[in-house]
Amino acid sequence: MLHGMSDVTRILSAIERGDPQAGADLLPLVYDELRKLAAARMAAERADHTLNPTALVHEAYLRLVGGDQPHGWDGRGHFFASAAEAMRRILVESARRRGRLRHGGGLRRVDWLDAEAAVAPADDDQLLLLDDSLTRLAAARPQAARLVQLRFFSGLTIDEAAPVVGLSPRTARRLWVFARAWLRRDMGRAADA
């Protein structure tokens with residue numbers, strides 16, 4: 001990270017105050033990190049995907065700083081968590097537009113809930129299944145769902161994600177184990193339905 005947390009936090013505060021120049025000032029500070037997140041996420045997508053990492057970053061950035069809605073970011077970590085959520089939404093919307101969900105047809109078992117590495121599902125059906133399960137997890141255990149989002153869609157480690165969700169690394173590890181088990185069970189039920 002080339003710039004201190006205070007630079008990004010200061011500019012995020014300026015965006016909140018409505019400073020029209022702040023959005024342009026923020027992009028150079030966060031672009032490389034957003035590009036790495038998008039590249040990691042796109043590596044798990046289909047080879048013929050219509051989005052590329054650059055397009056994903058730009059679309060997510062526009063959703064984050066564009067528009068007239070206040071965002072209320074609590075600093076750098078919250079901003080990157082919001083970026084991860086925006087990227088997730090963009091990819092899910094893209095998968096839905098392609099209309100490839102076949103109500104369970106053609107789904108195959110993919111062991112993507114590895115304890116050491118968070119790898120998002122590679123095909124649209126699995127991504128949509130994960131999104132549905134993640135939405136159900138968020139209703140039951142919002143903090144667990146947020147941790148999963150940060151791991152899958154931001155590529156953060158447990159130690160990096162823990163402070164963003166307001167947990168100690170040890171508690172985050174326990175919550176990660178719970179979330180993986182919960183998602184496995186829920187996705188298995190959805191695939192069998």
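Positions are given from 1 along the sequence.
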Contacts of Glu59 meeting side-chain hydrogen bond (donor to acceptor under 3.5 Å, both in side chains) (sequence neighbours excluded), chain-then-number -> Arg63
Residue set satisfying side-chain hydrogen bond (donor to acceptor under 3.5 Å, both in side chains) with Ser168, at least two apart, ordered chain then number -> Thr171
Within the 4.5 Å heavy-atom criterion, are [X] and [Y] side-chain neighbours or not?
X      : Y      : value
Gln149 : Leu134 : yes
Arg89  : Asp131 : yes
Leu137 : Asp186 : no
Leu34  : Met87  : yes
Arg173 : Asp159 : yes

| Should the pair Arg141 and Trp182 be classed as cation-pi, given the thresholds of under 6.0 Å to the six-membered ring centre and 45° from the axis? | no
What distance do [X] atom [atom1] and [Y] atom [atom2] have between them, rounded to the nearest 0.5 Å?
X      : Y      : atom1 : atom2 : result
Arg185 : Arg180 : CZ    : CZ    : 14.5 Å
Leu37  : Leu56  : CG    : CG    : 9.5 Å
Arg184 : Arg189 : CZ    : CZ    : 14.5 Å
Leu175 : Gln143 : CG    : CD    : 6.0 Å
Leu26  : Arg10  : CG    : CZ    : 10.0 Å

Should [X] and [Y] be counted in the same cluster of Ile, Leu, Val, Met, Phe, Trp and Tyr side chains packed under 4.5 Å apart?
X      : Y      : answer
Tyr31  : Phe80  : yes
Leu147 : Phe178 : yes
Leu27  : Phe79  : yes

Scanning both residues in full, the closest heavy-atom pair of Ile90 with Ala60 reads CD1-N, 3.5 Å
Scanning both residues in full, the closest heavy-atom pair of Ala172 with Ile158 reads CB-CG2, 3.9 Å
Hey, is the main chain of Leu156 close enough, under 3.5 Å, to the side chain of Arg151 for a donor-acceptor pair? yes
Using a 3.5 Å distance criterion without hydrogens, assess whether the side chain of Glu33 forms a donor-acceptor pair with backbone atoms of Val30. no
